[in-house]
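To keep things clear, I will list the structure first and then write my remarks on it.
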Amino acid sequence: MTVMPDPASFRARVLALVERIPAGRVMTYGQLATLAGAPGAARQVGFIMSGLAGTDLPWQRVINAQGAVSTDRLGFGDIQRGLLTAEGVTFGASGRCDLGRLQWWPDEQTDAQASLF
DNA sequence: CTTTTGACTTATT
DNA sequence: AAATAAGCCAAAA
C-alpha cells in the first residue's frame with residue numbers, strides 16, 4: 001500500500017514524479033524538489049523517501065546529484081545499487097553512475113508529440 | 001508562532 | 001579527488 005497524503009502537498013507531488021521514473025533511469029533529490037515546486041528542498045525530498053522503502057514506488061531510482069546512492073549510511077545502499085543494476089544501471093568503482101546519460105526528465109516521454117502544441 | 005531535523009547541494013579548502 | 005562548511009526548504013513537534 002502506498003502512502004497517499006494531500007494531493008496538494010509537496011510530498012504528493014514528489015511521489016507522483018517518482019512513480020513515473022522509467023526502469024533503468026534515475027532522478028536526483030534536487031531535481032525532484034524543483035519539479036515539485038520547491039527548488040532547494042532536496043533534503044526534504046530525502047526525508048519523504050525514508051518512508052518509501054517497502055512501498056510500490058521505485059524509490060531506488062532516486063539518487064543524489066553526484067550520481068551515487070545516499071543510502072549507504074542507512075544500511076541498504078547495496079540493496080539499492082543491486083536493484084538499479086538489475087535494471088541496467090551501471091556503477092563505477094567510485095560508486096557513481098553516469099547521470100548525464102541516465103537522469104530522466106518527465107518530458108522525455110514526449111518527443112515529437114510536444115510540437116503539436 | 002519558533003525550533004529541530006534530514007536518503008541534499010554547492011562552494012570552498 | 002576527498003573532506004568541510006554553510007545554505008537550503010518543507011514537515012512535524
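Lettering of chains follows the sequences in order, A, B, ..., and the numbering in each one begins at 1. What you are looking at is a predicted structure, and each value in this text was computed from that prediction instead of being measured.
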With side-chain contact (heavy atoms from CB on, under 4.5 Å) as the criterion, how do A:Val45 and A:Phe10 come out once you've worked through the C-alpha distance, each side chain's angles and the decisive distance to 0.1 Å?
CA-CA 9 Å; A:Val45 172; A:Phe10 175 69; 3.8 Å; yes

Going through the distances and angles, do A:Gln80 and A:Leu83 end up as a side-chain contact (heavy atoms from CB on, under 4.5 Å)?
CA-CA 5 Å; A:Gln80 180 171 11; A:Leu83 287 169; 5.6 Å; no

Derivation and outcome, side-chain contact (heavy atoms from CB on, under 4.5 Å), residues A:Tyr29 and A:Met49
CA-CA 9 Å; A:Tyr29 300 96; A:Met49 303 304 289; 4.1 Å; yes

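At a threshold of 4.0 angstrom between heavy atoms, the contacts of A:Ser94 with the nucleic acid are absent.
Using modelled atom types, no side-chain atom of A:Gln103 and backbone atom of A:Ala65 make a donor-acceptor pair closer than 3.5 Å. The backbone N or O of A:Pro22 lies less than 3.5 Å from no partner atom in the side chain of A:Glu87, so there is not a single donor-acceptor pair.
A distance of 11.0 Å separates CG in A:Leu35 from CZ in A:Arg13, rounded to the nearest 0.5 Å.
Distance A:Gln31 CD to C:dC9 C1': 17 Å, rounded to the nearest Å.
A 6.0 Å sphere centred on CZ of A:Phe47 holds no more than 12 heavy atoms belonging to other residues, nucleotides or ligands.
Annotation: side chain of A:Trp59 is not in contact with side chain of A:Val18 (no heavy-atom distance under 4.5 Å). Here the side chains of A:Glu19 and A:Thr55 are not in contact, with every heavy-atom distance at 4.5 Å or above. Looking only at side-chain heavy atoms (C-beta outward), A:Ile79 and A:Thr71 stay at 4.5 Å or farther from each other.
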Pairs: protein N or O with nucleotides 10-13 of chain C N or O, under 3.5 Å:
residue : atom : partner : partner atom : Å
C:dA10  : N3   : A:Gln44 : OE1          : 2.6
C:dA11  : OP1  : A:Phe10 : N            : 3.0
C:dA11  : O4'  : A:Gln44 : NE2          : 3.3

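Within residues 95-103 of chain A, no residue approaches DNA chain B, by heavy-atom distance under 4.0 Å.
The residue among A:Arg73 and A:Gln66 whose nearest nucleotide of DNA chain B is located toward the 5' end is A:Arg73.
Here the range on DNA chain B touched by chain A, meaning any atom under 4.0 Å from one of its heavy atoms, is B:dG6 to B:dT10.
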